[in-house]
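Note that the structure is predicted; figures quoted are calculated from it, not measured.
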Amino acid sequence: MTTSEIQTLLEKLFTEENSSDIYIIDRIEKQQERFIQFIEKVADDKIKSSAKGKQTVSKSEVKEKVRKLYKIIIDSIKYYLNGEFETCRKNIYRNFITPENVREIKGLMTTSIKNPSKKVYFRIRRNDTYNIYKKKEMFHIPFEKRGVVGNQRFSVSGYPCLYLGSSIYGCWEETQRPNIDMCNIVALQSTKELKFLSLSIPTIKNDVGIYANLLYSLVLRLVCSLKAHNISDNFKQEYIIPQIVLESIIQRNSQSSKVPIDGIKYTSSIYCQPQDMFKDKNLLMNYVLPIRESKEEGLCPLLTSIFKATDATSFIAERLKKNVRDTFLHCREEYGNIYDSTEFGVLETKLKNREFFPIE
């Protein structure tokens, strides 16, 4: 089986089959069986333990470990639904988030952004007027307004986090397609290396292929990708594990003297859905960074100290300031791909070439 065929099957795992099931555990058990079938199709009888290691493990051992990891998650959900919230959190933390387990399940190894000056993130914020926000107004929700922070996939009520996207398009989708002309847009860069727990859809590399630790990491990635059955519900059972993972990272950072995990990297649930306009998961990569120090008001000083941002702008502001006597003929060859020649891509290029300032 070719690498591209394996990648296609892998990405299909993240798209749940149509089902009448509502109960979260029924859905996870079906996901587990689909995953076991995936392993049967793509893995040899002997599987490399890690991407660079020489040791191997049998396919039957891998499947047994995958089932054990799913059982840990299912048991954790049962604890939560029975009101044993602390037991649920401890179970996830102990088995997935401690430094020892992040090393053991190497596919969950934190992704380090080692060249921060070359990595650009984006944020958009809705605006009911055509005015432009200040840079600090384009950051996380300030502490004095933490009452508006609600429960979402990677959001816990009252706890502000900084949410970033890999593209303007992805940010627009994540905010449920507001009027783009009335949105403020900003680009950000980090001033230090960032480490993320990777819950995104991985890319299978030709020279590496499928290995055991990657398969183990897929369990948490897949469970955290389940879409909410009813998006209007106040409580979404599909968000139990993602929220517990976020809480576990917050706990790990507060208790461990080791290098902290700055946040979570994950692929948007929009990817490969009918409304996805570009079918490119690199455009739909999201990052969530929880605050590290709470205050009465304002922003997290640690987060503001490690980011720089451009001045905010908007599509309508860019159009109105453009010299209308100039003719811009953007061809596909000039920009490299279709996305780069869209309004999203053109504005991203402009922002990447602008000056980045401290967030004050």
Side-chain angles (χ1 to χ4, degrees), residues 85 89 92-93 97 110 113 116 121-128 132-166 168 170-176 178 183-192 194-197 199 224 228 231 234-236 239-256 260-266 268-269 285-310 312 356-360:
F85 307 123
R89 186 183 57 75
I92 294 298
Y93 179 77
I97 310 301
T110 50
I113 306 298
Y121 308 91
F122 298 94
R123 275 182 62 78
I124 74 173
R125 182 181 171 189
R126 307 181 196 204
N127 196 340
D128 293 332
I132 300 297
Y133 290 119
K134 297 176 182 178
K135 284 188 289 295
K136 66 180 182 180
E137 295 176 299
M138 293 294 294
F139 212 57
H140 70 71
I141 291 174
F143 296 121
E144 66 271 20
K145 296 183 178 179
R146 66 195 311 161
V148 304
V149 180
N151 282 308
Q152 296 299 330
R153 185 182 302 275
F154 292 105
S155 174
V156 180
S157 287
Y159 198 91
C161 293
L162 175 63
Y163 296 90
L164 305 172
S166 59
I168 297 173
C171 294
W172 180 61
E173 289 284 15
E174 287 298 302
T175 49
Q176 300 179 2
C183 286
N184 275 216
I185 302 162
V186 69
L188 300 99
Q189 287 180 330
S190 66
T191 58
K192 65 178 280 290
L194 296 178
K195 294 184 179 293
F196 295 101
L197 187 77
L199 297 180
C224 287
I231 199 67
N234 291 324
F235 166 70
K236 303 173 183 65
Y239 294 175
I240 292 173
I241 298 302
Q243 288 179 3
I244 293 296
V245 169
L246 178 64
E247 291 176 11
S248 296
I249 286 178
I250 294 167
Q251 177 194 353
R252 183 184 190 272
N253 290 344
S254 67
Q255 295 181 353
S256 175
I261 297 176
D262 292 292
I264 298 169
K265 172 185 175 183
Y266 62 101
S268 171
S269 59
M285 204 65 66
N286 294 324
Y287 305 83
V288 51
L289 295 88
I291 60 166
R292 300 282 292 282
E293 179 184 349
S294 182
K295 296 168 59 181
E296 185 177 344
E297 60 182 24
L299 304 173
C300 173
L302 189 144
L303 286 183
T304 56
S305 71
I306 63 174
F307 280 98
K308 298 187 297 183
T310 62
F356 288 76
F357 304 95
I359 298 165
E360 299 174 338

Nearest atoms (heavy-atom pairs only) where Thr175 meets Cys171: OG1-O, 2.9 Å
Spatial distance of atom CG (Asp262) from atom CZ (Arg292) [nearest 0.5 Å]: 6.0 Å
Reported CG-to-CZ distance for the pair Leu303 and Phe139, which is rounded to 0.5 angstrom: 5.0 Å
Separation between CG of Asn184 and CD of Glu137, rounded to the nearest 0.5 Å: 8.5 Å
Donor-acceptor under 3.5 Å (Gln251 side chain, Tyr93 main chain): no
Contact check, side chains of Tyr121 and Leu194, non-hydrogen atoms, under 4.5 Å: yes
Polar side-chain atom of Asn253 near backbone of Ile261 as donor-acceptor pair, under 3.5 Å: yes
Rounded distance [0.5 Å steps], CZ in Phe143 versus CD in Glu293: 7.5 Å
Ser157/Arg146 under side chain to side chain donor-acceptor pair (under 3.5 Å): CA gap, chis, key distance, verdict: CA-CA 8 Å; Ser157 287; Arg146 66 195 311 161; over 6 Å; no
Contact summary for Gly165 and Asn286, nearest pair of heavy atoms: CA-OD1, 4.2 Å
Ring center gap for Phe196 and Tyr287 short of 6.0 angstrom: yes
Min side-chain heavy-atom separation Ile124-Trp172 under 4.5 Å: yes
Any side-chain heavy-atom pair of Leu289 and Leu164 under 4.5 Å: yes
Ile97 backbone acceptor or donor facing Arg252 side chain under 3.5 Å: yes
Spatial distance of atom CZ (Phe307) from atom CG (Leu299) [nearest 0.5 Å]: 12.5 Å
Distance (rounded to the nearest 0.5 Å) between Lys192 NZ and Leu302 CG: 7.5 Å
Check: Glu144 side chain, Gly298 main-chain N or O, donor-acceptor pair, under 3.5 Å: yes
Side chain to side chain contact (heavy atoms under 4.5 Å, CB included) partner of Phe356, the single match among Thr310, Thr191, Val186: Thr310
Shortest non-hydrogen contact between Ser155 and Gly150, atoms and distance: OG-O, 2.6 Å
Contact summary for His140 and Pro160, nearest pair of heavy atoms: ND1-CB, 3.9 Å
Test item: Tyr133 and Asn127 side chains (from C-beta on) under 4.5 Å apart, heavy atoms: yes
